[in-house]
Amino acid sequence: SGGDGALAAHWLGVAASRGMPEAMFMLATMLLEGDGVARDEARARRWLEEAAELDYPEAWQQLALIETDRERAAQYMRRAEHALTHRREGKR
């Protein structure tokens with residue numbers, strides 16, 4: 001239900017503001033889909049950018065998917081691949 005989504009968004013917001021990239025990504029996804037929260041692409045993008053700065057591959061990938069500039073989108077995908085490589089090598 002909507003109430004559950006709003007509650008989830010609240011706690012994800014708390015975790016995101018404490019620097020957890022997984023929470024930033026999940027909250028951004030909710031904001032992009034309007035799931036439990038009002039749809040807000042600008043806020044979603046800010047959370048994705050913050051998670052990407054922490055080298056969270058899924059955030060780079062999602063930024064690539066919503067980016068309208070093809071060259072920038074390709075750059076984001078390369079960053080996602082790089083971040084995934086780091087994760088697999090256990091550098092995270």
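What you see below is based on every heavy atom in this structure, not just the backbone, and it leaves out hydrogens, waters and symmetry mates.
- Contacts classified as side chain to side chain donor-acceptor pair (under 3.5 Å) and involving residues 25-37 (residues at least two apart or in different chains) are not found.
- For A42, the side-chain contact (heavy atoms from CB on, under 4.5 Å) partners are D40, R46, not counting sequence neighbours.
- The 12-atom threshold is not exceeded at CE of M26, counting heavy atoms of other residues, nucleotides or ligands nearer than 6.0 Å.
- Using a 4.5 Å cut-off between side-chain heavy atoms of Ile, Leu, Val, Met, Phe, Trp and Tyr, M77 falls into a hydrophobic cluster with L65.
- By the salt bridge (charged side-chain N to carboxylate O under 4.0 Å, His left out) test, R39 pairs with E41, sequence neighbours left out.
- Legend: residues meeting side-chain contact (heavy atoms from CB on, under 4.5 Å) with A15, ordered by chain and number and at least two apart, are M20, A23.
- Among pairs with a residue in residues 8-45, those fulfilling ring pair (Phe, Tyr, Trp, His ring centres under 6.0 Å) read F25-Y56, at least two apart in sequence or across chains.
- Checked against salt bridge (charged side-chain N to carboxylate O under 4.0 Å, His left out), R45 has the following partners two or more places apart in sequence or in another chain: E67.
- In terms of heavy atoms, A80 sits closest to Q61 at CB-N, 3.8 Å.
- Considering only residues two or more places apart in sequence or on other chains, E50 meets the salt bridge (charged side-chain N to carboxylate O under 4.0 Å, His left out) condition with none of them.
- Considering only heavy atoms from C-beta on, M24 comes within 4.5 Å of L54 through its side chain.
- Scanning all heavy atoms of the two residues, the minimum distance from A52 to L63 falls at CB-CD1, 3.9 Å.
- Evaluated for a side-chain hydrogen bond (donor to acceptor under 3.5 Å, both in side chains) with H86, the options E89, R88, H82 yield exactly one hit, H82.
- Within the 4.5 Å cutoff, side-chain heavy atoms of L32 are placed close to those of Q62.
- A search for ring-ring contact (aromatic ring centres under 6.0 Å, His included) contacts involving W60 returns Y76, not counting sequence neighbours.
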